Protein chains: 2
Amino acid sequence: MKIKPQKSVDLSAQIAQAIRDAIISGKLIVDERLPSEAELSDQFQVSRPTVREALKRLAAQSLIRTQRGASGGAFVNRISFEDAYSQQVTTSTLLLSMNAVSFDTACEARFALERACAPLSAQRRSADQLATMRAEIFRQAQPDLTDEAFCASDVSFHRSLVDGAGNPVLSYQLAGAVEAMQPLMNMITFSARSREEIIALHSQIADALEAHDAHKVDVALVELEKYTRKLAQDVAQQHRKPA
Amino acid sequence: MKIKPQKSVDLSAQIAQAIRDAIISGKLIVDERLPSEAELSDQFQVSRPTVREALKRLAAQSLIRTQRGASGGAFVNRISFEDAYSQQVTTSTLLLSMNAVSFDTACEARFALERACAPLSAQRRSADQLATMRAEIFRQAQPDLTDEAFCASDVSFHRSLVDGAGNPVLSYQLAGAVEAMQPLMNMITFSARSREEIIALHSQIADALEAHDAHKVDVALVELEKYTRKLAQDVAQQHRKPA
DNA sequence: GAAATTTTATTTGTCTGACATTTAAAAGTC
DNA sequence: GACTTTTAAATGTCAGACAAATAAAATTTC
C-alpha cells in the first residue's frame with residue numbers, strides 16, 4: 001500500500017482512498033487485519049487522528065469494521081446484502097427527495113424494475129413468500145389501518161414479490177427502489193375506495209403468482225402502475241384547486 | 001438536533017447518526033450550514049476530534065461537504081446522481097466479489113433489469129444515444145482491441161441503452177448492476193468468433209431501437225443473455241478440463 | 001470617493017501527547 | 001489442571017496548540 005501525494009485534498013481522504021483501492025483490487029482480503037493506527041500513521045507519515053478520520057470514512061461505507069482491545073484493530077469487512085441494502089435505501093431516499101424527482105419518473109422506474117422480477121417470481125416464488133403476500137393483503141383490508149401502515153404493508157407486499165425471484169442481486173437492487181418510493185407514496189392519501197382498488201390488484205397479483213402465470217402478473221402490475229399514477233395526478237390536481 | 005445516549009457504540013457514530021437523521025427527516029435542508037465543529041462539540045458535549053470523525057463519516061456518504069476559511073464549515077450536500085452512482089458501483093462491485101455471487105445469478109439480474117429498460121428506450125432513445133451505440137459497436141469490431149477494452153466498450157453500449165429510457169432513476173439503478181458485472185465479464189476471454197456473435201446481437205439491438213421496435217430489442221437481449229451464459233459455462237468447463 | 005491593499009477573524013486541517021476502556025493472552029495461584 | 005489476576009496492546013476520547021485557507025473588515029493609496 002503506497003502513498004499518493006496530491007495537494008489540495010484532505011490527507012484523510014487520500015489515505016482512505018488508498019486503503020479503499022487496496023480492498024477493491026484485492027490486495028487486502030476479507031477479514032484481513034489492517035496495521036494498527038500507530039503503524040498506519042508511521043507508514044503514511046501522518047498523525048493518528050488523521051488516520052482515524054480515514055478509517056471512519058471507510059467504516060461509514062461498511063468497508064471495514066473495528067474491534068477494541070488486544071488483537072483488535074480494523075478488519076476488512078465482508079459487505080453483506082443487508083449492509084448494501086440499507087446504504088442503498090438511504091442514498092436512494094435522499095436522491096429522490098433532494099433532486100425533485102417527479103412522482104411519475106420514480107413510479108415508472110419502480111414498476112419497470114418490478115416487472116422485470118415478475119416473470120422470475122412467477123416461476124420460483126415459494127409457498128412462504130406467497131403466504132406473506134396474502135397476509136399483507138389481509139392487513140391492508142383492515143379499515144382502521146393508518147395511511148402510513150398501509151404504505152408499509154404495501155412495501156412488504158412488493159418486497160415479497162421481488163424476493164420471490166430468488167435472486168439476491170435483484171432483491172438488493174430493487175429493495176432500494178421500492179423503499180425509497182415510500183415517502184413519496186405516503187404523500188398520496190388513500191380513500192377507502194382507492195384501497196379497495198389496490199387490494200384487488202394485489203390479490204390479482206397473488207393469484208397469478210400462485211398459478212405461476214407470469215403474463216397475468218405483468219398485466220396486473222401494469223394496471224397497478226396506471227392506477228397509482230392516476231391517484232397521484234388526482235392529488236396534484238386537488239392541490240391546485242383546493243376549493 | 002438532540003443527543004441520543006447509548007452505551008457500547010462509538011460516540012462519533014452516534015453523532016453521525018443524529019446528524020444523518022436530521023438530514024433525512026428534513027430538519028436540515030440542502031446547502032444549509034451545520035454549526036462549526038467547535039459549536040457541535042459544545043452541543044454534543046464531546047471533543048472536536050470526535051465531532052470530526054462523525055463529520056468524516058457523513059462526508060464519505062456524500063451527505064455533507066466542507067469548506068475551509070471564514071464563513072466555511074460543513075454544508076448539507078445535494079446528492080447528485082453521479083455521487084450516488086459511483087457509490088453504488090463501488091458497493092455493488094465489492095458485494096459481488098466478496099460474496100461469491102455466481103455468474104449466472106449476476107447475469108440474470110443484470111439482463112432482467114436491462115430488459116425492463118428496453119421498451120422505454122425503444123420509445124424514447126435519442127439520435128445521439130443511438131449514435132453512441134453504433135460507435136461502440138464499430139470499436140468492438142476492431143481486431144486489435146484488448147479484452148478489457150472490449151468489455152469497457154460493452155459497458156458503454158449497454159449504458160447508452162439504459163440511458164435511452166430517459167429516466168434518471170432507472171439509469172442510476174442500472175448503472176450499478178451493469179458496471180459491477182464488468183470484473184466478472186472480464187474473466188470470460190473472448191475469441192474472435194465470440195466477439196462476432198456479440199457484435200451481431202448488439203447490431204440487432206441498435207437496429208431495433210432505431211426502428212422503435214421494443215419486441216425485437218427484447219428478443220435480442222434474451223439471445224444475448226443466453227449467449228453470455230453459454231460463454232461463461234464454456235470457460236468454466238475448460239477450467240475443469242485444462243487438457 | 002473609489003479602488004486596491006492589508007489586516008483580522010473565523011473555520012477547517014493537522015499535530016502532539018495523554019488518559020480511559022476494552023480485550024485477549026500471559027502469568028500466577030490454588 | 002482449572003481458575004483468577006495481571007499485563008500488554010489496541011481503539012476510543014480528550015485537551016490544547018498551530019497551520020492554512022478564506023471572506024469580511026479596515027486601511028491605505030490614488
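Since the model is a prediction, treat every value here as computed from it, not as a measurement. All chains are named by letter (A, B, ...) in the order of the sequence lines, taking the proteins before the strands, and each is independently numbered beginning at 1.
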Strictly under 3.5 Å: I want the nitrogen or oxygen pairs between protein and nucleotides 4-10 of chain D, one per line.
{"unit_1": "D:dA9", "atom_1": "N3", "unit_2": "A:Ala70", "atom_2": "N", "d": "3.4"}

- Query: Please give, in whole Å, the distance from C:dT14 P to A:Gln45 CD?
  - Reply: 15 Å
- Task: Taking side-chain hydrogen bond (donor to acceptor under 3.5 Å, both in side chains) as the test, write out the residues that go with B:Ser86, two or more places apart.
- Result: none
- Query: OP1, OP2 of C:dT12 versus side-chain N and O of B:Arg52: anything below 4.0 Å?
  - Reply: no
- B:Phe75 CZ to D:dT22 C1': how many Å, rounded? 12 Å
- Applying side-chain hydrogen bond (donor to acceptor under 3.5 Å, both in side chains) to B:Glu136 and not counting sequence neighbours gives B:Arg139, B:Ser153
- Nearest-nucleotide comparison on DNA chain D, the residue closer to the 5′ end among A:Pro49 and A:Leu55: A:Leu55
- Query: Between D:dT13, C:dT12, C:dT16, which one does the side chain of A:Ser47 approach most closely?
  - Reply: C:dT16
- Can you tell me how far P of D:dA15 sits from CG of B:Leu11, to the nearest Å? 12 Å
- Task: With B:Arg159 as the cation and B:Tyr85 as the aromatic partner, state whether NZ or CZ is under 6.0 Å from the six-membered ring centre and within 45° of the axis.
- Result: yes
- Within this structure, what is the CG-to-C1' distance between B:Leu40 and D:dT13, rounded to whole angstrom? 17 Å
- Message: On the nucleotide C:dC15, are OP1 or OP2 found under 4.0 Å from the side-chain N or O atoms that A:Thr50 carries?
- Response: yes
- Message: Checking B:His158 now: which residues fulfil ring pair (Phe, Tyr, Trp, His ring centres under 6.0 Å) with it, not counting sequence neighbours?
- Response: B:His202
- Which angle, to the nearest 10 degrees, lies between the helix axes at the two ends of the helix from C:dG1-D:dC30 to C:dC30-D:dG1, each defined by five pairs? 20°
- Test for a donor-acceptor pair under 3.5 Å between the base of C:dG17 and the side chain of A:Arg48, counting only N and O atoms. no
- Task: Name all pairs fulfilling the salt bridge (charged side-chain N to carboxylate O under 4.0 Å, His left out) condition that reach into residues 58-69 of chain A, sequence neighbours left out, sorted by first residue then second.
- Result: A:Asp31-A:Arg65
- Query: With B:Asp104, which residues qualify under salt bridge (Lys or Arg N to Asp or Glu O under 4.0 Å), at least two apart?
  - Reply: B:Arg229
- Grab the CD1-C1' distance between B:Ile15 and D:dG12 for me, whole Å please. 12 Å
- Task: Round to a whole Å and report the spacing from CG of A:Asp42 to C1' of C:dC15.
- Result: 14 Å
- Taking CD from B:Glu53 and P from D:dT11, how many angstroms apart are they, rounded to a whole number? 12 Å
- Note on the structure: ring pair (Phe, Tyr, Trp, His ring centres under 6.0 Å) filter on A:Phe150, not counting sequence neighbours, yields A:Phe190
- Message: For C:dG13 and A:Ser12 - does any side-chain N or O of the residue sit under 4.0 Å from the phosphate oxygens OP1/OP2?
- Response: no
- Applying side chain to side chain contact (heavy atoms under 4.5 Å, CB included), name anything that partners A:Asp83, two or more places apart in sequence or on another chain. A:Ser62, A:Asn77, A:Ile79, A:Ser80
- Is A:Gln88 close to A:Tyr172 at the side-chain level, that is, under 4.5 Å between some pair of heavy atoms? yes
